[in-house]
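The next block holds one structure in the form of structure tokens; read it before the comments.
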2 protein chains.
Amino acid sequence: MDRYRPAEYPPFAVTVDLVILTVRDDTMRVLVIERAGPPFQGRWALPGGFVRPDEDLRQAATRELVEETGLTTDIHLEQLGSYGAPDRDPRMRVVTVAYLALAADLPSPVAGTDASAARWAPTADLVAEPDALAFDHREILNDGIERARAKLEYTPLATAFCGPEFTVAELRRIYEIVWDVRLDPRNFHRKVTGAPGFVEPTGRTSTRDGGRPAQLYRRGPASLLHPPMLRMP
Amino acid sequence: MDRYRPAEYPPFAVTVDLVILTVRDDTMRVLVIERAGPPFQGRWALPGGFVRPDEDLRQAATRELVEETGLTTDIHLEQLGSYGAPDRDPRMRVVTVAYLALAADLPSPVAGTDASAARWAPTADLVAEPDALAFDHREILNDGIERARAKLEYTPLATAFCGPEFTVAELRRIYEIVWDVRLDPRNFHRKVTGAPGFVEPTGRTSTRDGGRPAQLYRRGPASLLHPPMLRMP
DNA sequence: CGAATAGTGTCTCTTAGACACTATGTC
DNA sequence: GACATAGTGTCTAAGAGACACTATTCG
């Protein structure tokens, strides 16, 4: 049997869905959009849409990301996985390619979201409530959260949740919120500044929190963390 | 804009492709099939095929895996990623969901491969020759190899390359071949037997190599390795 | 016996984690 | 001055890597 027989392949719809995570108000949050029509009318869903005929998958994800957040820079985007259960959309056969995006707390409250209601929902709320999200989006969200948690261990991706300049304490808060643990500020500081290429000092200082001003850092050139940060003791 | 408008979604074909890795003759190998017709006639390609209308993605991958190898047990299978460049298939728009399988050296020389020529090709050969594989399969293969290498570090997946019972030396050879490094047999032994849940002694011994008989082990219950094996010193 | 492979013990160096201490700002 | 946060030093325990040594088979 030929693997590709153009005349008789079963047609699918292909979409991209986005798990856009950020940390705001000491909470990990995800961008969700209220569904305007059935199915799952009124339920929250991950932003997404069809892949266009001339688009690569990543292009489609990037386009949706820009449409939903209005931002294009400093947003980490990676493929998360594909979901294609035959009944995941009651109307037709849809395979969705999920992407994971990590963003700094966005100043504008979700610009350009073509008329739909959108909000940064705490991930804990959506995960705790099995029917909070439409389709299989709870499963996708769970996978995205787990991916993000894992990647903080061995990559410098925590910086993707921060602005262009940040203090060590702000970076530590990211870890503490995403992992839901407490980290020793002193050991964390030693480790972050000691890991080659993780962060680079800018020379400037910040005094956001009332104590001694903290050095400001920007993300370094490393793409892997050696040694990794550990969440399990 | 409604995200799903059934009447006017762009139709895609969706396939699964398999990166089936094994270790045979001290070489990491991948199962490839010779393409019978155009495009890329005569070229090697990863095994794969269409997702059927009523099938989940993983089901489709499992079905293809059984069709190609004849085996169904003791084969690790995980989703690798999706590939959907608009021109990746010259005939039509195809999105493929790649799966990675890790198998022990199979005794039968690729059973049930519906008439196509199939072989276990050394991965090094295929990676070195940019045009050895059809479509974007070289990229998929590269991603699969990198995934396998990474997973050996922090999971007990190396055992997936072994039979149901194996010696510590055999397990070490897996690491050495997949990572292309030399490992100290004594430190490796201490580490493997010390990591909780990695391997369990069966009580039996083996004398395959002419020296002192080695203890036989089977894979343990752990799904994560703590502490991980390290390939970078 | 020697050759070959299996497995253990010991030493050193690095690092995680705990935590005392100093530094520099605001009130 | 008190207080808060930033940052450094020091100790201990655990693990990685190097490598000497013992154990058990085959020929």
Side-chain angles (χ1 to χ4, degrees), chain A residues 26 152-154 158 162 165-177 179 181-218 220 222 224-233, chain B residues 26 152-154 156 158 162 165-177 179 181-218 222 224-233:
Chain A
D26 280 355
L152 292 207
E153 288 196 65
Y154 59 95
C162 300
E165 298 194 348
F166 49 86
T167 67
V168 174
E170 288 166 356
L171 190 62
R172 178 167 48 84
R173 282 305 290 159
I174 299 293
Y175 277 94
E176 293 184 332
I177 290 163
W179 284 351
V181 296
R182 301 290 295 178
L183 298 174
D184 184 290
R186 301 158 295 187
N187 292 335
F188 183 86
H189 188 281
R190 187 161 33 82
K191 188 136 185 194
V192 164
T193 54
F198 191 0
V199 295
E200 291 176 339
T202 64
R204 277 187 291 283
T205 57
S206 153
T207 177
R208 304 188 234 261
D209 286 315
R212 166 178 171 177
Q215 286 277 344
L216 283 172
Y217 293 86
R218 58 174 158 266
L224 248 49
L225 233 47
H226 268 291
M229 304 290 298
L230 298 177
R231 51 173 162 168
M232 311 205 144
Chain B
D26 281 355
L152 291 207
E153 288 197 65
Y154 59 94
C162 299
E165 297 194 349
F166 49 86
T167 67
V168 174
E170 287 166 356
L171 190 62
R172 177 168 48 84
R173 283 304 290 158
I174 299 295
Y175 276 94
E176 292 183 333
I177 290 163
W179 283 352
V181 295
R182 302 290 295 177
L183 299 175
D184 184 288
R186 301 158 295 188
N187 293 335
F188 183 86
H189 189 282
R190 187 162 33 81
K191 187 139 185 192
V192 164
T193 54
F198 191 0
V199 295
E200 292 176 339
T202 65
R204 277 186 291 282
T205 57
S206 153
T207 178
R208 306 189 233 260
D209 288 313
R212 167 178 170 177
Q215 286 278 344
L216 283 172
Y217 293 84
R218 56 173 160 266
L224 249 50
L225 232 49
H226 269 291
M229 304 290 297
L230 298 177
R231 51 173 162 169
M232 310 204 146

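For DNA chain D, the neighbouring residues in residues 190-199 of chain B, judged by any heavy atom under 4.0 Å, are R190(B), K191(B).
Side-chain contact between L225(A) and E153(A) is absent, with no heavy atoms from C-beta onward closer than 4.5 Å. Under the 4.5 Å side-chain criterion, counting only non-hydrogen atoms from C-beta, F198(B) is in contact with L171(B). For the pair N187(B)/K191(B), no side-chain contact is recorded, criterion being any heavy-atom separation below 4.5 Å from C-beta on.
Rounded to an integer number of Å, the gap from CD of E153(A) to C1' of dA16(C) is 14 Å. Separating the NE2 atom of H226(B) from the P atom of dA14(D) is a distance of 17 Å, rounded to the nearest angstrom. The interatomic distance linking F188(A) (CZ) with dT5(D) (C1') rounds to 15 Å, in whole Å. In this structure, the CG atom of L183(B) is 10 Å from the P atom of dA18(D), given to the nearest Å. The interatomic distance linking L230(B) (CG) with dT15(C) (C1') rounds to 12 Å, in whole Å. Atom CZ of R182(A) is separated from atom P of dG17(C) by 16 Å (rounded to the nearest Å). Rounded to whole Å, the distance from CG on L216(A) to C1' on dG7(D) is 15 Å. Between the C1' atom of dA16(D) and the CE atom of M229(B) lies a distance of 11 Å, rounded to the nearest Å.
Of the two residues contacting DNA chain C, namely Q215(B) and G211(B), the nearest-nucleotide position lying further toward the 5' end is that of G211(B). Heavy-atom distances to DNA chain C give each of R212(B) and N187(B) a nearest nucleotide, and the one nearer the 5′ end belongs to R212(B). Mapping D184(B) and P213(A) onto DNA chain D via the closest heavy atom, the residue that lands nearer the 5' end is P213(A).
Minimum interatomic distance between C162(A) and I174(A) (heavy atoms only, all atoms of both residues): SG-CG1, 3.8 Å.
Taking the salt bridge (Lys or Arg N to Asp or Glu O under 4.0 Å) definition, one finds that R212(A) meets it with nothing, sequence neighbours left out. The side chain to side chain contact (heavy atoms under 4.5 Å, CB included) search around P185(B) returns R172(B), not counting sequence neighbours.
Between H189(A) and dT8(D) there is a side-chain N or O to OP1 or OP2 distance below 4.0 Å.
P227(A) comes within contact range of the sugar-phosphate backbone alone, with a heavy-atom separation under 4.0 Å but no base atom that close.
Each of dA16(C), dC19(C), dA6(D) was ranked by its minimum atom distance to the side chain of A169(A); first place goes to dA6(D). Checking dA6(C), dC19(C), dA20(D) against the side-chain heavy atoms of R186(A) singles out dC19(C) as nearest.
For R172(B) against dA6(C), a side-chain-to-base donor-acceptor contact under 3.5 Å is absent.
With E165(B) as reference, R204(B) is the one residue of R218(B), R204(B), Q215(B) to meet the side-chain hydrogen bond (donor to acceptor under 3.5 Å, both in side chains) rule.
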